[in-house]
Amino acid sequence: MDPIQIMVTNAGLDVLVNAQSGSTDAIKVTSVGITASPFVMAPTLTALPGEFKRIDAVSGESVSANVIHMTAQDSSEDTYEVRGVGLYLEDGTLFAAYGQDTAIFQKLTMSFFVMALDIAFVGSVAGSIEFGDTSFLMPPASETVKGVAEIATQDEVDTGADDTRIVSPLKLKTRLAALAGTINTTIGAAVTSMTDAIATLTGRKIVGGGLASGGGDLSADRTITVTEATAAEITAGTATDKVVTPRRLGPITMLLQQNGFIRFFGFQMAWGRFSAAANATTPVLFAEKFPNACFSAVVSGVTNLGTGSQDNTPAVIGSSITAEGFSVFNADDEADLTCYIAVGF
């Protein structure tokens, strides 16, 4: 049952304001008046219209900031219907009242009457209200209050939106079983799809071609290999299934200037220009010595065509060739500008 929206009277409001301000103690409800007559709720009420009975066996407790659970019991043999209730304080003040056109409760002869209501107030006032007796209180259960709770139906459990009813182990098991079935079906479909995909992949092969070798089907890790040519294979120049790498050709070092050199793949070539002295031997040093040996050096002189040149050009002295340089003899009577090229390793 949803909480009824009770109306606080003007007199009750005055007492409530004093209690909330600390001027007086908390409000204590000690009795409940009941009526079978419909009436219009108004804050000006000072007594419950048509009240025929007042019950002193009243218990209550705050279950939230604005809701109080109240229980009243009547063990008499009276028979009546209840269409309205009024909450009375210990000094007889009508604190609040509620009424409706249809019956709220009905008591039969010889029956033990227990009226349980959840009463809602506008604003957080429930904490300022006390009851005279709590020995037979049956409040609705909440996260902080022990009390009576309704068991949720299976539909309510499946929907998962109701936060006031409790879930039984059987209904929870039923809900979890349904979820597990859905999850297992989804996982099974995913596993089947993955298995089919793996089977498709393992049926394919990756193999090398051209300069690459190795490979196989995808049932295991595979390696594609590209083989590096050796220095001897590069020199031979016949292999078609090997690759030439910078490591085999290099390092390539060079000095690109008038007197310079270049060295690669073990081969070195040097070049330069110098002035060959007249009728003398001129030593020549390479810009970079050969690591091992210089095989040969040749010169080309620019002969001065003076009266003493006699068409004699500079010439390399073969026995002078070393890894560091060589010597040139010039039989010309004048100095000659000369160029050279040398090779070695």
Side-chain angles (χ1 to χ4, degrees), residues 1-6 59-73 98 100 102-106 111-127 129 134-227:
M1 180 177 179
D2 294 331
I4 63 173
Q5 194 72 44
I6 200 165
S59 181
E61 182 178 7
S62 171
V63 295
S64 70
N66 68 325
V67 175
I68 287 178
H69 177 78
M70 185 193 72
T71 302
Q73 62 181 12
Y98 173 79
Q100 63 183 44
T102 58
I104 303 173
F105 295 105
Q106 184 177 24
S111 65
F112 180 80
F113 174 70
V114 176
M115 177 177 66
L117 292 175
D118 290 329
I119 302 173
F121 293 87
V122 177
S124 302
V125 302
I129 302 174
T134 59
S135 60
F136 57 92
L137 184 65
M138 294 183 294
S142 68
E143 294 177 355
T144 57
V145 177
K146 296 178 181 179
V148 179
E150 179 184 352
I151 296 178
T153 66
Q154 190 64 58
D155 287 342
E156 290 169 339
V157 174
D158 295 344
T159 303
D162 193 319
D163 195 35
T164 61
R165 293 170 175 81
I166 60 175
V167 179
S168 67
L170 176 60
K171 291 182 175 63
L172 178 61
K173 178 182 178 181
T174 302
R175 177 57 177 161
L176 293 178
L179 290 176
T182 301
I183 293 172
N184 290 337
T185 299
T186 302
I187 292 176
V191 170
T192 300
S193 179
M194 291 179 61
T195 302
D196 293 343
I198 292 172
T200 300
L201 288 176
T202 54
R204 295 184 178 276
K205 295 182 179 180
I206 297 178
V207 295
L211 296 175
S213 62
D217 62 40
L218 300 183
S219 61
D221 295 338
R222 303 299 180 186
T223 300
I224 303 296
T225 303
V226 178
T227 304

Smallest separation among heavy atoms of [X] and [Y], with atom names:
{"X": "Thr71", "Y": "His69", "result": "OG1-NE2, 3.3 Å"}
{"X": "Val207", "Y": "Gly216", "result": "CG1-N, 3.9 Å"}
{"X": "Asp162", "Y": "Glu156", "result": "OD2-OE2, 4.2 Å"}
{"X": "Gly208", "Y": "Ile224", "result": "N-CD1, 4.0 Å"}
{"X": "Arg222", "Y": "Ser219", "result": "NH2-OG, 3.7 Å"}

Separation between [atom1] of [X] and [atom2] of [Y], rounded to the nearest 0.5 Å:
{"X": "Ile4", "Y": "Ile104", "atom1": "CD1", "atom2": "CD1", "answer": "6.0 Å"}
{"X": "Asp217", "Y": "Arg204", "atom1": "CG", "atom2": "CZ", "answer": "12.5 Å"}
{"X": "Thr182", "Y": "Ile187", "atom1": "OG1", "atom2": "CD1", "answer": "11.0 Å"}

Report, as yes or no, whether the 6.0 Å neighbourhood of atom CG on Asp163 holds more than 12 heavy atoms from other residues, nucleotides or ligands.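 No, because the 6.0 Å sphere around CG of Asp163 holds 12 heavy atoms or fewer from other groups.
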Would one find more than 12 heavy atoms of other residues, nucleotides or ligands at under 6.0 Å from atom CG of Leu176?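 Enclosed.
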For residues 166-175, tabulate all N or O donor-acceptor pairs below 3.5 Å that involve a side-chain atom, not counting sequence neighbours.
from	atom 1	to	atom 2	distance (Å)
Ser168	OG	Lys171	N	3.3
Thr174	OG1	Leu170	O	2.9

Indicate yes or no for a side-chain donor-acceptor contact from Ser193 to the backbone of Ala189 under 3.5 Å, with no hydrogens or angles considered.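 It does not hold such a pair.
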Would you please say whether a donor-acceptor pair under 3.5 Å links the side chains of Asp155 and Thr153?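 No, no side-chain donor-acceptor pair sits under 3.5 Å.
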